[in-house]
Amino acid sequence: MRLATWNVNSLAVRLPQLLDWLAANPVDAIVLQETKLTDDKFPTLEIGAAGYQVQWFGQKTYNGVALLSKQPAQDVVKNIVGYADEQARVIAGTVAGVRVIGAYFPNGQAPDSEKFVYKMGWLDGLRAWMAEELKAHEKVVLMGDFNIAPEDRDVYDPVAWAGQIHCTPQERAHFQGLLELGFVDAFRLFEQPEKSWSWWDYRNLAFRKNQGLRIDHILVSPALKGEVEACVIDKLPRKNERPSDHAPVVVTLR
DNA sequence: ATGACCCTCGAAGAGGGA
């Protein structure tokens, strides 16, 4: 089984790239972030024609998530159970016996901002919900754009980014909190190239200079840890014309 | 260099992203 996550930064713009990518990478399921579409504008026909069932949850202009799967998703949930949220950031469903949770974590803007306060509250809500999901399901995969670089090795310039958004101790503590629930960072189960990032700024020729952050993650529950055969970041779509600033992350389960 | 890019909304330039 192969699962993927990709922040597409506008599905309206990136739909052709998504369809191309799925044709080349026929994963069993993929979660998308930043679709930036209201539900009435979601391209269900094109995705269906590509052979995927789809669940979607959007809003105007910002955020928006989707879960595409070859097998239909069961018990679909939108947003964090027990945390009231105006923003469309989470979609979950059970696909072929695996609880798949796709999430677009808040950016947080700056550590002294209101948006950071919102991010912390959202992370508290997520942790409480994930504790319940891990009790309810053996096989759980939490993946998406976490907007957290867990360690200095996930940052191209950790000195410049020290204490900045995505790298604050508070955000990193929340990431650790998810690991303390039992989740495992699938990417770090394997030897990986140095300077592996999942996001590169559009500015400053950042991709060409490989200046980025690893902020898109796939966490698996304890029961799945031994099933993980591979986890890779696919940089290829970042080389497209008009790319998303994020690359897909893919996990292969036995 | 308190910048640089891209997307949305909407018809210019601001807000958000990270």
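In what follows, chains carry the letters A, B, and so on, assigned in the order in which the sequence lines appear, proteins first and then strands, with residues in each chain numbered from 1.
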Worksheet entry | A:Arg203, nearest nucleotide to its side chain (from B:dT8, B:dC7, B:dA18) | B:dA18
Item to complete: Give one of base, sugar-phosphate or nothing for A:Glu34, where a contact means two heavy atoms less than 4.0 Å apart.
Response: sugar-phosphate
Practice prompt. For nucleotides B:dA12 and B:dA1, find the distance between their P atoms and express it as a whole number of Å.
Written response: 34 Å
Worksheet item: Counting only non-hydrogen atoms, which of residues 55-64 of chain A are less than 4.0 Å from DNA chain B?
Response: A:Lys60, A:Thr61, A:Tyr62
Worksheet item: Taking the same atom, P, in B:dT2 and in B:dG16, what whole-Å distance lies between them?
Response: 22 Å
Item to complete: Determine the contact category for A:Phe207: base if any of its heavy atoms lies under 4.0 Å from a base atom, sugar-phosphate if only primed atoms, P, OP1 or OP2 are that close, otherwise nothing.
Response: nothing
Worksheet item: Relative to the 5' end of DNA chain B, which residue comes earlier, A:Asp145 or A:Lys36, by the nucleotide with the nearest heavy atom?
Response: A:Lys36
Discussion item. What contact category does A:Asn204 fall into here, base, sugar-phosphate, or nothing, at under 4.0 angstrom with non-hydrogen atoms?
Written reply: base
Worksheet item: Hey, does A:Asp216 reach any base, or is it just sugar-phosphate, or nothing, if we go heavy atoms under 4.0 Å?
Response: nothing
Item to complete: Taking atom P in both B:dG10 and B:dC6, compute the distance separating them and give it to the nearest angstrom.
Response: 23 Å
Discussion item. At 4.0 Å (heavy atoms only), tell me whether A:Ile215 reaches a base, stays on the sugar-phosphate, or touches nothing.
Written reply: sugar-phosphate
Worksheet item: Salt bridge between A:Arg89 and A:Asp145, side-chain N to carboxylate O under 4.0 Å?
Response: no
Worksheet item: When you match A:Leu11 and A:Leu213 each to their closest nucleotide on DNA chain B, which lands nearer the 5' end?
Response: A:Leu11
Practice prompt. To the nearest 0.5 angstrom, please state how far the CE atom of A:Met143 sits from the CZ atom of A:Phe187.
Written response: 15.5 Å
Fill in: N/O donor-acceptor pair, side chain A:Asn147 with base B:dA18, under 3.5 angstrom
no
Discussion item. Side chain of A:Arg14 only, heavy atoms from C-beta on: which candidate in B:dC6, B:dG17, B:dT8 is closest?
Written reply: B:dC6
Discussion item. Applying side chain to side chain donor-acceptor pair (under 3.5 Å) as the test, list every pair that has at least one member in residues 18-31 of chain A; sequence neighbours left out.
Written reply: A:Trp21-A:Asp234
